[in-house]
Protein chains: 2
Amino acid sequence: MFSKTCQYAIKAVIYIHKQSLVGKKVGAKEIGQEIDAPDAFTAKILQILVRQQVVGSFKGPTGGFFVDKSHESKTLKDVVMAIDGDGLFHGCSLGLKQCSEVNPCPLHFEISNVRTKIIHMLTVKSLKQLAEEVGDGTTVLARFA
Amino acid sequence: MFSKTCQYAIKAVIYIHKQSLVGKKVGAKEIGQEIDAPDAFTAKILQILVRQQVVGSFKGPTGGFFVDKSHESKTLKDVVMAIDGDGLFHGCSLGLKQCSEVNPCPLHFEISNVRTKIIHMLTVKSLKQLAEEVGDGTTVLARFA
DNA sequence: ATCATAAAGGATAAAATTATCCTTTATTAT
DNA sequence: ATAATAAAGGATAATTTTATCCTTTATGAT
Ligand code: FES
Ligand code: FES
């Protein structure tokens, strides 16, 4: 459903939100550890997310990744779009060169129900809410055992 | 959502059903052409599908791939399981080592709605029905232009 | 000003997925 | 029996995805 890179991205963004809730910027290394992802690779993913303005960053001591008001309208859907593109939302699920109801593939009409639910899943909660759920232990970003 | 291999598999199986509707066995080469997939690779995928008894095969002249009554209970879900495994249905969507509602990931509770729709999409129509829709031009397995 | 810190960026490298080619085995037609 | 056909299987290659390492740039602390 999501590439491994995208899974890392989703977890990283939620973790950044969680730390921003308490006013902390976080480094790529710490993020990688918290989400159980290789940290150099996490850093690469974060570069993309910063360019797409899903999160913000500052260099230097006291630097790191964070979110502020300018990011508050971003959702998990934006994270997925930034990393995996819009194939999940608009591409043909069977790989036809173009998804269209003119000459549709066999899954075309059923896929829209699935897409509706995927979009719901990725937008029903704000990144802030998702971060709070991690903060209070309702959900987790890694399982080390 | 599906690997490229799985997309090929789905289209191949529907095409085999379509030809079996008119009593024809089909070769890997023909299948590859009809679904716009490399034929040697298509042949590899078909090996797996035969082993998993999603379709049948015969060697030699007049041989090829086909389906008969012994395959009529198979669905697209079985095709997906045979090729991509059960990750889509039972794995953690964020890549946690194990999907469980004990220490769930942030998407765990929403993902079940998505899975329900995916399973519906992959089981609501029989492979025979899907083949008929291709047969009557309602849907297509490739878009060459 | 200088140094330490951390993100950004570039260059590889490893691993997984997708793809090709060639040989072997089973089956049918002649 | 022999030749032709087509799937099965093995070996290898290309491509994409995932991962690592090192240098450069920006920023803050001293
Ligand atoms: S999903 Fe295949 S054509 Fe739309
Ligand atoms: S989907 Fe992530 S724990 Fe269930």
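Remember, predicted model here, so these are calculated numbers, not experimental data. Both backbone and side-chain heavy atoms feed into the values below; hydrogens, waters and symmetry mates do not. Chain letters run A, B, ... following the sequence lines, proteins first, then strands; residues in each count from 1.
Contact annotation: the side chain of B:E132 approaches that of B:L21 to within less than 4.5 Å [non-hydrogen atoms, C-beta and beyond]. Looking at heavy atoms from C-beta onward, A:I31 lies out of side-chain contact with A:D39 at the 4.5 angstrom threshold.
Atom NZ of A:K97 is surrounded by more than 12 heavy atoms from other residues, nucleotides or ligands within 6.0 Å.
As a whole-Å value, the separation of B:I16 CD1 from D:dA6 C1' is 14 Å. As a whole-Å value, the separation of B:Q33 CD from D:dA6 P is 12 Å. Protein atom CD1 of B:I48 is 11 Å distant from nucleotide atom P of D:dA8, rounded to whole Å. Computed from coordinates, the B:Q19 CD to D:dA6 C1' distance equals 17 Å when rounded to whole Å. Regarding A:F58, its CZ atom lies at a distance of 7 Å from the P atom of D:dG28, rounded to whole Å. Here the P atom of nucleotide C:dG9 and the CG atom of A:L49 are 13 Å apart, to the nearest Å. When rounded to the nearest whole Å, the span between NZ of A:K29 and C1' of C:dT5 equals 12 Å. As rounded to whole Å, 15 Å separates atom C1' of D:dT5 from atom CD of B:E30.
In this structure, B:A43 reaches neither bases nor backbone, as no heavy-atom distance under 4.0 Å exists between it and the strands shown. Contact annotation for B:V55: no contact, since no heavy-atom pair falls under 4.0 Å across all strands.
Nearest-nucleotide mapping onto DNA chain D: of A:G63 and B:R51, the residue sitting toward the 5' end is B:R51.
The phosphate of C:dA8 (OP1 or OP2) has a side-chain N or O of A:S57 nearer than 4.0 angstrom.
Between A:E34 and A:K11, none of the side-chain N atoms (NZ, or NE/NH1/NH2) sits under 4.0 Å from a carboxylate O, so this pair counts as no salt bridge.
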Exercise. Just by protein heavy atoms under 4.0 Å, how would nucleotides 14-26 of chain D read 5' to 3' in B, S and -?
Worked result: ----SBB----BB
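B:M121 and A:L96 fall into different hydrophobic clusters, where Ile, Leu, Val, Met, Phe, Trp and Tyr residues are linked whenever their side-chain heavy atoms come under 4.5 Å apart, directly or through other members.
Residue pairs that meet the ring-ring contact (aromatic ring centres under 6.0 Å, His included) test with at least one member in residues 49-105 of chain B, sequence neighbours left out, are B:F58-B:F66.
For the residue pair A:E110/B:H120, the side-chain donor-acceptor check at 3.5 Å is satisfied.
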